[in-house]
Each structure stands twice: as C-alpha cells, then as structure tokens.
K.L.:
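Dropping the structure in here first, questions after.
Computed from a predicted model, the values in this text were never measured in an experiment.
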2 protein chains.
Amino acid sequence: MTAKDSYILERQAGHLLRRAHQRHSAIFQENIGDAQLTPLQFAVLVKLRDLKEVSQNHLGRLTAMDAATMQGVIKRLASRGLIERRPDPNDRRRLILSLSEKGSSLVEALVSNGSGITAQTLQPLSAAEQKTFLDLLAKLAQLNGHSE
Amino acid sequence: MTAKDSYILERQAGHLLRRAHQRHSAIFQENIGDAQLTPLQFAVLVKLRDLKEVSQNHLGRLTAMDAATMQGVIKRLASRGLIERRPDPNDRRRLILSLSEKGSSLVEALVSNGSGITAQTLQPLSAAEQKTFLDLLAKLAQLNGHSE
DNA sequence: AAATACTTGTTTGTGTACGAATAATCTAGG
DNA sequence: CCTAGATTATTCGTACACAAACAAGTATTT
C-alpha cells in the first residue's frame with residue numbers, strides 16, 4: 001500500500017457529505033414547488049410556522065445559520081413579503097420575525113413537498129438503513145452541544 | 001399528531017447533512033495546517049497528486065465541482081503558485097493542470113492531516129458505526145451515476 | 001466541405017457560508 | 001450610577017455553488 005493509496009478523496013467523510021448535500025439540494029430544487037425558494041429559506045419559514053415569533057439571531061441558531069448569513073436570507077424573504085419584521089419593545093437591539101399571511105399559506109402549501117424531498121433523498125436506502133443513517137448522521141451534526 | 005409535528009426541521013436529511021458538513025468544515029479549518037487552504041482546494045491538490053495531469057473540466061468532475069466553481073478554485077491555487085496551467089496541444093480548448101514543486105510538497109506535508117480530519121469528523125461514532133455510516137453515505141452521494 | 005451538435009473554459013448574477021469589524025443596546029459588578 | 005463585558009443586527013471581504021449565456025474549438029452528420 002503506497003502513500004498514494006492512504007488518502008482517497010472518494011472515501012473521505014467530508015467529500016461524501018458534500019456530494020450527498022449537493023444531491024439533496026438538486027432534489028429540493030426540483031420538488032419544493034417554488035422556483036425561488038431555497039433550502040435555507042424554507043427552513044426559516046418552517047421554524048417560524050412552529051414558533052410564531054422569534055428574534056433574528058435566535059432563529060439563526062435554530063436553523064444553524066450565522067448572523068451574517070441570516071441577514072441575507074431574511075432580507076430576501078421579507079422582500080418577497082413572506083415574513084414581517086418589527087422591533088422588540090423589550091430589547092431595542094432585536095428584530096422580531098414572524099410569517100405574513102402570504103408566508104403562512106405558502107409554508108402550509110409546501111410542507112408536504114418537504115417530506116417528499118427527504119424521502120427522495122433517502123430513497124437509495126432501505127427503510128432500516130434510512131433509520132440507521134439518520135441516527136448516525138444526527139450524532140455527527142452536533143455542532144458543539146448548543147441545545148435550545 | 002398535528003400538522004406541525006409532521007415536519008420537524010431537525011429530522012430532515014437535508015438539514016442534518018448541512019450541519020454535519022458545517023461541523024466537518026470547522027474541523028478541517030482547524031486541523032489542515034494551512035490557514036488559506038479550503039476543503040475544495042485540498043481536494044484538487046490531492047487529485048492532482050494522484051493523476052499528475054488532468055484538464056480543468058475533467059478534474060472538476062472528479063472533485064464534484066461545476067465548471068464555474070472550478071474556475072475560481074483553480075485561479076486561487078494558481079495565484080499561490082501551487083498548481084501550473086498549460087494548454088493541451090491536442091485540444092486547444094483544454095487547460096492541462098498539474099502540481100508545482102511547491103504544491104507537490106505541500107500536499108505531501110498535509111495529507112496525513114487530511115486523514116486525521118476524517119477521523120475526527122467520524123469520532124462521535126464507534127468503529128463499526130463509522131463503517132456503516134460511510135457505506136450508507138456513499139449510496140446517498142451518487143449524483144447521477146457518472147462514474148469515471 | 002459545410003452545417004449541426006457538443007465540449008471546454010470564462011463571465012455574470014444570485015444565494016449561501018463565515019470571519020472580522022462596527023454601532024447600538026443591554027447586563028453585571030463594583 | 002457607571003463602566004467593562006456581552007449580545008444583536010449590519011456590513012465588508014473572501015470562497016464556494018450553480019444556472020445561464022458565451023466564444024472558441026472539436027466531432028459528427030450528411
């Protein structure tokens with residue numbers, strides 16, 4: 001076994017994670033049912049549907065986006081009229097985010113597509129493998145034990 | 001079970017893949033041993049070490065980058081003097097890429113770090129789980145059966 | 001040989017990603 | 001009260017990611 005054989009790109013976790021993520025993104029784009037909506041934007045809408053109201057930074061932590069990324073995602077959703085922003089009266093640094101009527105009905109219309117996308121992403125695996133995979137993947141996705 | 005419970009962001013394959021990839025990127029950056037080098041740039045250097053000479057588009061397929069992304073990655077590596085570009089005499093559309101001396105010694109010095117990064121990425125899993133995970137992940141990473 | 005089709009590399013435009021710096025605000029400790 | 005420290009949102013700069021359009025070159029078809 002030469003040095004050359006000791007590091008094979010195709011066997012590295014990072015490379016495979018990136019490719020699996022690429023494949024998922026392609027499936028998302030084909031099936032979400034709204035050509036403008038991206039995975040991150042959809043994640044924000046879903047979280048807002050669950051929580052009704054959250055500050056921008058807090059929502060960023062819940063969706064695993066840093067503050068700078070969040071800024072752009074929120075700006076684009078707001079410019080489409082899908083979410084509303086208003087200042088927090090108790091903390092003037094904060095922006096409170098919520099779904100607009102339009103945003104709310106859009107999420108409801110698209111959530112089932114979201115489930116289909118996950119199913120299609122995992123389709124190459126059997127039902128048992130899917131469960132195993134998601135369990136292991138969840139262990140690897142712990143960014144650094146920030147719960148909440 | 002309400003509609004709200006039927007789509008939980010934290011259980012979606014796409015979200016978990018994204019977070020796992022984020023975690024891997026952070027581990028990469030801390031451990032690769034060259035502050036400027038990114039995961040994609042490293043992948044290009046490793047592939048060039050294995051193949052000696054490849055055209056830019058071909059290398060892009062091997063590392064799963066589209067032509068536009070490749071363009072930027074190669075430009076940055078060339079500007080650091082790590083790779084060399086010369087026209088293919090047999091096909092004047094093509095650019096043939098290869099490692100420079102500097103690039104070659106850099107890869108040799110860093111490959112072992114690459115293995116460590118993969119190990120650390122998978123560390124939350126037992127040895128058996130790691131093998132299972134990589135097998136399943138590889139099945140999900142098949143972009144569309146383009147082999148080569 | 002000429003027209004058609006495909007490939008290679010580049011550019012443009014939009015959208016993540018994230019480090020770093022900043023201004024405004026809040027919180028805690030003395 | 002008041003200052004040192006933390007938090008929130010924004011901006012800037014760099015690096016993917018990829019669709020779309022393009023120029024130049026190669027291949028194929030008739």
Side-chain angles (χ1 to χ4, degrees), chain A residues 14-15 17-30 32 34-44 54-61 63-80 85-97 143 146 148, chain B residues 14-15 17-30 32 34-44 54-61 63-80 85-97 143-144 146:
Chain A
H15 181 71
L17 283 170
R18 179 169 161 274
R19 286 179 61 107
H21 185 254
Q22 279 178 339
R23 177 167 161 275
H24 170 267
S25 297
I27 292 172
F28 181 96
Q29 212 215 311
E30 283 168 24
I32 192 57
D34 180 311
Q36 271 63 58
L37 212 61
T38 67
L40 287 207
Q41 291 175 16
F42 185 62
V44 161
V54 219
S55 80
Q56 185 169 304
N57 258 22
H58 187 35
L59 184 54
R61 286 189 291 271
T63 51
M65 299 179 219
D66 79 356
T69 301
M70 202 59 186
Q71 155 65 22
V73 173
I74 293 305
K75 188 177 60 187
R76 287 181 281 278
L77 287 173
S79 80
R80 281 187 64 187
R85 291 180 283 193
R86 59 188 178 73
D88 184 336
N90 299 336
D91 186 337
R92 307 212 311 276
R93 295 168 304 182
R94 285 188 182 150
L95 268 183
I96 297 184
L97 306 179
L143 288 202
H146 74 67
E148 213 183 343
Chain B
H15 181 70
L17 283 170
R18 181 169 160 273
R19 287 180 60 109
H21 185 255
Q22 280 179 338
R23 176 166 162 275
H24 171 267
S25 296
I27 292 172
F28 182 95
Q29 212 213 313
E30 283 168 23
I32 191 58
D34 179 313
Q36 272 62 58
L37 212 61
T38 66
L40 288 207
Q41 292 175 17
F42 185 63
V44 161
V54 220
S55 78
Q56 185 169 305
N57 259 20
H58 187 35
L59 184 54
R61 287 189 290 270
T63 51
M65 299 180 218
D66 79 357
T69 300
M70 202 60 186
Q71 155 63 22
V73 173
I74 293 304
K75 189 177 58 187
R76 286 182 282 277
L77 286 173
S79 78
R80 282 188 63 186
R85 290 180 282 193
R86 60 188 178 74
D88 184 337
N90 298 336
D91 187 338
R92 308 212 309 277
R93 295 167 304 182
R94 287 188 179 148
L95 267 184
I96 297 184
L97 306 180
L143 287 203
N144 254 351
H146 74 71

K.L.:
At under 4.0 Å between heavy atoms, what does B:Arg18 touch on the DNA or RNA strands: base, sugar-phosphate, or nothing?
P.N.:
sugar-phosphate

K.L.:
Once you round to the nearest 0.5 Å, how far does CZ of B:Arg85 lie from CD of B:Gln56?
P.N.:
7.0 Å

K.L.:
Can you tell me whether the side chain of B:Arg93 and the base of C:dT8 have a donor-acceptor pair closer than 3.5 Å?
P.N.:
no

K.L.:
Between C:dA17, C:dG9, C:dT12, which nucleotide gets closest to the side-chain atoms of A:Leu40?
P.N.:
C:dA17

K.L.:
Where the side chain of A:Gln41 is defined as all heavy atoms beyond and including C-beta, which of D:dT10, C:dG15, D:dA15 is the nearest nucleotide?
P.N.:
C:dG15

K.L.:
Check this one for me: any side-chain N or O of A:Ser25 less than 4.0 Å away from OP1 or OP2 of D:dA17?
P.N.:
no

K.L.:
Does B:Asp34 pair with B:Arg80 as a salt bridge, N-O distance under 4.0 Å?
P.N.:
yes

K.L.:
Choose from D:dA9, D:dC16, C:dG9 the nucleotide whose nearest atom is closest to any side-chain atom of B:Asn57.
P.N.:
C:dG9

K.L.:
Looking at every strand, decide which applies to B:Thr69 at a 4.0 Å heavy-atom threshold: base, sugar-phosphate, or nothing.
P.N.:
base

K.L.:
With a non-hydrogen cut-off below 4.0 angstrom, is B:Asp91 in contact with a base, only sugar-phosphate, or nothing?
P.N.:
sugar-phosphate

K.L.:
If you measure from CD on A:Gln22 to CG on B:Asp66, what distance do you get to the nearest 0.5 Å?
P.N.:
8.5 Å

K.L.:
Report the distance from atom CZ of A:Phe28 to atom C1' of C:dT16, rounded to the nearest whole Å.
P.N.:
13 Å

K.L.:
Counting side-chain heavy atoms from CB outward, which of C:dT16, D:dA9, D:dA17 is closest to B:His21?
P.N.:
D:dA17

K.L.:
OP1, OP2 of D:dC18 versus side-chain N and O of A:Gln22: anything below 4.0 Å?
P.N.:
yes

K.L.:
Quick one: does any side-chain atom of B:Ser25 pair with a main-chain N or O of B:His21 as donor and acceptor, under 3.5 Å?
P.N.:
yes

K.L.:
Go through the N and O atoms of the side chain of A:Arg92 and the base of C:dT25, and report whether any donor-acceptor pair is under 3.5 Å.
P.N.:
no

K.L.:
OP1 or OP2 of C:dT16 less than 4.0 angstrom from a side-chain nitrogen or oxygen of A:Arg76, does that happen here?
P.N.:
yes

K.L.:
If you look at every strand shown and take non-hydrogen atoms under 4.0 Å, does A:Gln71 touch a base, only sugar-phosphate, or nothing?
P.N.:
base

K.L.:
Nearest 0.5 angstrom please: A:Leu95 CG to A:Asn57 CG, how far?
P.N.:
9.5 Å

K.L.:
In whole angstroms, how far is the P atom of C:dG19 from the CG atom of A:Asp66?
P.N.:
7 Å

K.L.:
Which residue, A:Leu95 or B:Gln36, contacts DNA chain D at a nucleotide closer to its 5' end, judged by nearest heavy atom?
P.N.:
A:Leu95

